[in-house]
Amino acid sequence: MPEIPGEIMSEPVVTRFAPSPTGYLHIGGGRTALFNWLYAKRHGGKMLLRIEDTDRERSTPAAIEAILDGLKWLGLEWDGDAIYQFARAERHREVAKEMLAKGCAYKCFATPEELEAMREKAKAEGKPMRYDGRWRDRSAADIAEAEAKGLKPVIRLKAPQQGETVIDDLVQGRVTWANENLDDLVLLRSDGNPTYMLAVVVDDHDMAVTHVIRGDDHLTNAARQSQIYEAMGWKIPAFAHIPLIHGSDGAKLSKRHGALGVEAYRAMGYLPEALRNYLVRLGWSHGDQEIFSTEEMVSLFDLKNVGRSPARFDFAKLENLNGHYMRQTSDEALMAAIDVLLPHIEGGPELAERLTPERRAQWIKAMPGLKERAKTLLELVDGARFIDAARPLALDEKAKDILAKGGAVLGPLLARLESLPEWSVEALEGAVRAEAEAQGVKLGALAQPLRAALTGRSTSPGIFDVFVVLGREESLARIRDQVS
RNA sequence: GCUCCCAUCGUCUAGAGGCCUAGGACACCCGCCUCUCACGUGGGUAACAGGGGUUCGAAUCCCCUUGGGAGCGCCA
């Protein structure tokens with residue numbers, strides 16, 4: 001366990017990621033999970049996973065699956081089994097009853113209409129919209145009377161009315177609320193089910209969570225939750241509210257600008273390590289360093305260097321980072337990443353079927369030239385299309401143009417190549433250069449028509465590499481197709 | 001409306017009173033390299049939201065304004 005100066009290591013660090021399965025794992029959730037994971041790893045602790053599925057209407061098994069799948073793809077494995085919040089409802093009820101018994105909670109029979117009227121009134125008076133506490137100090141007789149009428153109460157927290165509630169947030173600093181602005185929140189609904197506010201506190205306590213790292217949108221919840229901890233006499237965990245991620249236009253993240261499930265990033269051809277690196281730099285920094293291996297992130301990550309202002313999602317930077325990681329990845333590993341990707345993209349399964357051992361060998365051989373020209377795996381796959389393109393090749397517009405203008409050089413070139421004793425980059429380059437010299441033209445005047453003939457395009461990896469990847473027979477055949 | 005949070009290049013950020021003529025990265029522009037496109041490499045454009053303080057000195061501390069964001073449910 002690493003020694004952390006200034007921190008007491010008597011208690012093992014426990015963080016948790018607590019998504020609600022009402023949709024996919026979006027990019028902001030992914031970053032929250034990453035920060036929790038890094039913090040836990042950094043301190044030799046654990047990151048737990050809790051599925052907040054108490055909203056039975058909106059929670060779906062498919063969403064749960066998508067979240068687990070997304071986390072695994074991102075490489076953020078949690079410790080132990082995932083905990084399902086709904087399964088713990090009985091314990092939440094118990095705690096609510098206990099609070100009732102202790103006198104720090106009370107039954108409230110206010111109707112939805114009454115509540116609505118309170119909000120209207122508060123709005124009209126320019127006051128905070130809050131419950132007015134009308135059942136807070138009712139007599140036992142009043143309560144008995146309401147119950148006799150068959151009314152079902154909610155249980156509300158008897159929150160402090162004076163003083164302030166303070167949290168020392170590890171990211172946002174000290175945040176203070178006047179208690180008069182906080183009302184008596186509902187702990188247990190009239191149908192006997194716990195509210196989120198209660199469930200979170202009980203679960204975090206029972207799970208021995210020491211650090212609650214979550215989105216900034218929960219900052220105000222922290223005040224109310226700390227009141228529940230106080231009421232129960234439980235130790236309040238450290239809070240760290242990290243700023244939200246916005247879209248490229250500064251507005252709330254929508255599907256248009258990146259609020260996609262992480263599986264969408266997989267389908268767009270991003271590498272999980274690149275996404276992790278991109279995400280960790282959104283909000284967190286370590287001086288001027290931009291590139292972090294996972295090991296470096298783990299050893300360097302801290303909450304102190306997480307910024308307090310929201311960040312915008314920028315695809316251009318993600319792409320750049322992804323390109324960087326692709327270039328650093330071995331040819332074999334990239335091939336493996338493509339294998340993972342193919343089932344998730346259009347036309348991928350068909351392509352996978354065509355990947356015979358021979359084809360794979362060609363891909364691997366082409367990989368060095370391919371990977372430095374691609375920013376995503378999708379581009380990599382696209383760049384490799386020439387490998388198994390069917391003859392005669394379909395030419396794109398630019399390739400057609402090149403051949404129309406300079407295709408005449410191919411005839412004499414073909415003769416020279418056909419008599420080449422050895423099919424290597426060196427031999428091919430020597431031959432083509434010699435031919436260029438013989439024709440009194442620059443190398444480019446021959447390379448471009450060759451590229452068009454061999455790949456059907458105007459851009460490709462180095463032309464001599466293309467020759468070698470394709471092999472003698474296929475290369476010569478493709479050139480002949482264009483000569484005749 | 002009320003409460004809370006935030007504010008450095010287009011974007012991500014460094015900066016914790018003098019080291020700042022505000023640094024790095026992405027993007028963009030101009031070169032070099034070169035068989036194309038990339039990669040690599042050299043250079044360039046570009047920011048402390050505004051106004052008041054505090055201080056010998058402020059991007060850094062305080063206040064106000066403005067601008068963003070979040071929350072205000074018997075949703076999570």
Side-chain angles (χ1 to χ4, degrees), chain A residues 18-22 52-55 57-59 85 108 110 112 115 119 122-131 152-156 169 171-173 175-178 181-183 185-191 193-197 199-200 215-224 241 243-244 246 248 250-252 278 281-291 305 307-321 323-324 327 369-375 383 398 402 429 432-433 436 442-448 450-452 455 457-464:
Chain A
S20 75
T22 53
E52 311 220 313
D53 57 348
T54 54
D55 185 341
E57 300 287 304
R58 297 193 300 151
S59 297
Q85 190 162 57
C108 165
L115 261 19
R119 282 186 210 108
K123 192 170 186 177
E125 292 173 1
K127 287 182 178 167
M129 294 183 230
R130 53 190 289 274
Y131 170 70
K152 294 277 181 230
V154 299
I155 295 180
R156 285 183 185 271
D169 193 277
V171 169
Q172 304 291 345
V175 185
T176 305
W177 289 264
N181 290 323
L182 269 18
D183 63 359
L185 67 277
V186 173
L187 298 168
L188 211 60
R189 301 188 183 103
S190 52
D191 65 1
N193 284 127
T195 60
Y196 162 79
M197 222 52 97
V200 173
D216 213 359
D217 49 341
H218 287 280
L219 185 58
T220 43
N221 290 339
R224 332 195 69 183
H241 289 93
L244 268 17
H246 292 163
S248 52
K252 191 171 179 175
Y278 176 71
R281 286 285 293 110
L282 231 45
W284 177 76
S285 63
H286 180 69
D288 284 340
Q289 189 171 345
E290 297 285 349
I291 305 293
N305 287 308
R308 287 145 298 150
S309 52
R312 298 187 187 201
F313 191 87
D314 181 17
F315 269 110
K317 189 149 186 175
L318 207 210
E319 284 219 336
N320 174 275
L321 224 31
H324 171 89
R327 274 172 258 130
L370 254 19
K371 69 185 178 189
E372 72 177 28
R373 290 170 172 75
K375 288 197 176 355
K398 285 178 183 169
I402 288 166
E429 177 156 9
V432 176
R433 283 191 186 278
K442 285 189 184 174
L443 182 57
L446 299 189
Q448 279 305 81
L450 277 174
R451 191 181 320 278
T455 70
R457 298 181 173 190
S458 60
T459 65
S460 81
I463 194 64
F464 306 114

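Chain letters run A, B, ... following the sequence lines, proteins first and then strands; every chain starts at 1. Nothing here was measured: the structure is a model prediction, and the numbers come from that model. Atom set for the values below is all heavy atoms of this structure, side chains included, hydrogens, waters and symmetry mates excluded.
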Base, sugar-phosphate, or nothing: which does A:Thr176 touch, judged by heavy atoms less than 4.0 Å apart?
sugar-phosphate
Span that lies between the C1' atom of B:A46 and that of B:U3, in whole angstrom:
37 Å
To the nearest 0.5 Å, how far apart are CZ in A:Arg281 and NE2 in A:His286?
10.5 Å
Nearest-Å distance once atom C1' is located in both B:C4 and B:G40
49 Å
Can you measure from CG (A:Leu187) to CE (A:Met197) and round to the nearest 0.5 angstrom?
10.0 Å
Atom CG of A:Leu188 and atom NZ of A:Lys152: how far apart are they, to the nearest 0.5 Å?
12.0 Å
For the P atoms, the ones on B:G71 and on B:A14, what distance do you get once it is rounded to whole angstrom?
25 Å
Separation of atom CE in A:Met129 from atom C1' in B:C2, rounded to whole Å
7 Å
Can you measure from CG (A:Asp314) to CG (A:Leu282) and round to the nearest 0.5 angstrom?
9.0 Å
Under 4.0 Å, heavy atoms only, any strand: does A:Thr54 hit a base, just the sugar-phosphate, or nothing?
sugar-phosphate
Could you measure between the two C1' atoms, the one in B:G68 and the one in B:C29, and give it in whole Å?
30 Å
Please say which of A:Arg156, A:Arg119, A:Arg224 ends up in a salt bridge (charged side-chain N to carboxylate O under 4.0 Å, His left out) with A:Asp183.
A:Arg224
NA contact type, A:Val186, heavy-atom cut-off 4.0 Å: base, sugar-phosphate, or nothing?
sugar-phosphate
So A:Ala452, base contact, sugar-phosphate only, or nothing? Heavy-atom distance under 4.0 Å.
nothing
Which value, in whole Å, describes the distance between the C1' atoms of nucleotides B:A70 and B:C74?
23 Å
Which is true for A:Asn221 with a 4.0 Å heavy-atom rule: it touches a base, it touches only sugar-phosphate, or it touches nothing?
base
Taking the nucleotide of RNA chain B with the nearest heavy atom to each, does A:Pro153 or A:Leu219 sit closer to the 5' end?
A:Leu219
Identify the nucleotide, in any strand shown, that forms a Watson-Crick or G-U wobble pair with B:G1, with both distances under 3.5 Å; if there is none, say none.
B:C72
Assigned partner base of B:C19, Watson-Crick or wobble definition, under 3.5 Å:
none
Separation of atom CG in A:Asp183 from atom P in B:U3, rounded to whole Å
14 Å
Side-chain N or O of A:Arg119 closer than 4.0 Å to phosphate OP1/OP2 of B:G73:
yes
Considering every strand shown, what is the Watson-Crick or G-U wobble mate of B:C28 when both distances are under 3.5 Å?
B:G44
Pairwise C1' distance for B:C5 and B:G44, with rounding to whole Å:
38 Å
Quick check on the 6.0 Å ring-centre criterion: do A:Phe313 and A:Tyr278 meet it?
yes
Less than 4.5 Å apart, side chain to side chain, heavy atoms only: is that true for A:Tyr196 and A:Asp55?
no
Span that lies between the P atom of B:A22 and that of B:A59, in whole angstrom:
10 Å
Spacing of the P atoms in B:U41 and B:C33 (rounded, Å)
16 Å
Apply the test side chain to side chain contact (heavy atoms under 4.5 Å, CB included) to residues A:Lys398 and A:Thr459: give CA-CA distance (whole Å), side-chain angles for both, the deciding distance (0.1 Å), then the verdict.
CA-CA 9 Å; A:Lys398 285 178 183 169; A:Thr459 65; over 6 Å; no
Provide a list of protein-nucleic acid N or O atom pairs under 3.5 angstrom, restricted to nucleotides 9-18 of chain B.
| unit_1 | atom_1 | unit_2 | atom_2 | d |
| --- | --- | --- | --- | --- |
| B:C12 | OP1 | A:Arg312 | N | 2.8 |
| B:C12 | O2' | A:Arg281 | O | 2.8 |
| B:C12 | O2 | A:Lys317 | NZ | 3.3 |
| B:U13 | OP1 | A:Gly283 | N | 2.5 |
| B:U13 | O3' | A:Ser285 | OG | 3.4 |
| B:A14 | OP1 | A:Ser285 | OG | 2.7 |

In Watson-Crick or G-U wobble terms, both distances under 3.5 Å, what is the partner of B:G67?
B:C6
Quick check: closest heavy atoms across A:Asp169 and A:His241, and the distance to 0.1 Å?
OD2-ND1, 2.6 Å
Given atom NE2 of A:His241 and atom C1' of B:C5, what is their separation to the nearest angstrom?
11 Å
My understanding is that a pair needs two contacts under 3.5 Å, Watson-Crick or G-U wobble. By that rule, which nucleotide pairs with B:U36?
none
Collect all protein-nucleotide pairs involving nucleotides 61-65 of chain B in which both atoms are nitrogen or oxygen and the distance is under 3.5 Å.
none

Atom-pair distance (CD1 on A:Ile291; C1' on B:G24), nearest Å:
12 Å
Atom-pair distance (CG on A:Asn181; C1' on B:G1), nearest Å
13 Å
Distance, rounded to the nearest Å, where A:Arg308 contributes CZ and B:C4 contributes P:
17 Å
In whole angstrom, give the distance that lies between atom CG of A:Asp217 and atom C1' of B:U3.
15 Å
Base versus backbone protein contacts along nucleotides 31-50 of chain B [heavy-atom cut-off under 4.0 Å; B, S, -]
----BBBBSS----------
Look through every strand shown and name the nucleotide pairing with B:U55 as Watson-Crick or G-U wobble, where both distances are under 3.5 Å.
none
Is A:Ile291 close to A:Leu321 at the side-chain level, that is, under 4.5 Å between some pair of heavy atoms?
yes
Would you say A:Glu57 has more than 12 foreign heavy atoms packed within less than 6.0 Å of its CD?
no
Point-to-point distance, once rounded to the nearest 0.5 Å, from CD1 of A:Ile402 to CZ of A:Arg457:
12.5 Å
Do any side-chain nitrogens or oxygens of A:Arg224 fall under 4.0 Å of OP1 or OP2 in B:C72?
no
Can you figure out which of B:C4, B:A27, B:C5 approaches the side chain of A:Thr220 most closely?
B:C4
Could you grab the distance from atom CG of A:Leu219 to atom CG of A:Leu244, nearest 0.5 Å is fine?
11.0 Å
What closest approach, in Å, do A:Arg451 and A:Ser460 show between heavy atoms, and which atom pair accounts for it?
NH1-OG, 2.8 Å
Grab the CH2-P distance between A:Trp177 and B:C2 for me, whole Å please.
18 Å
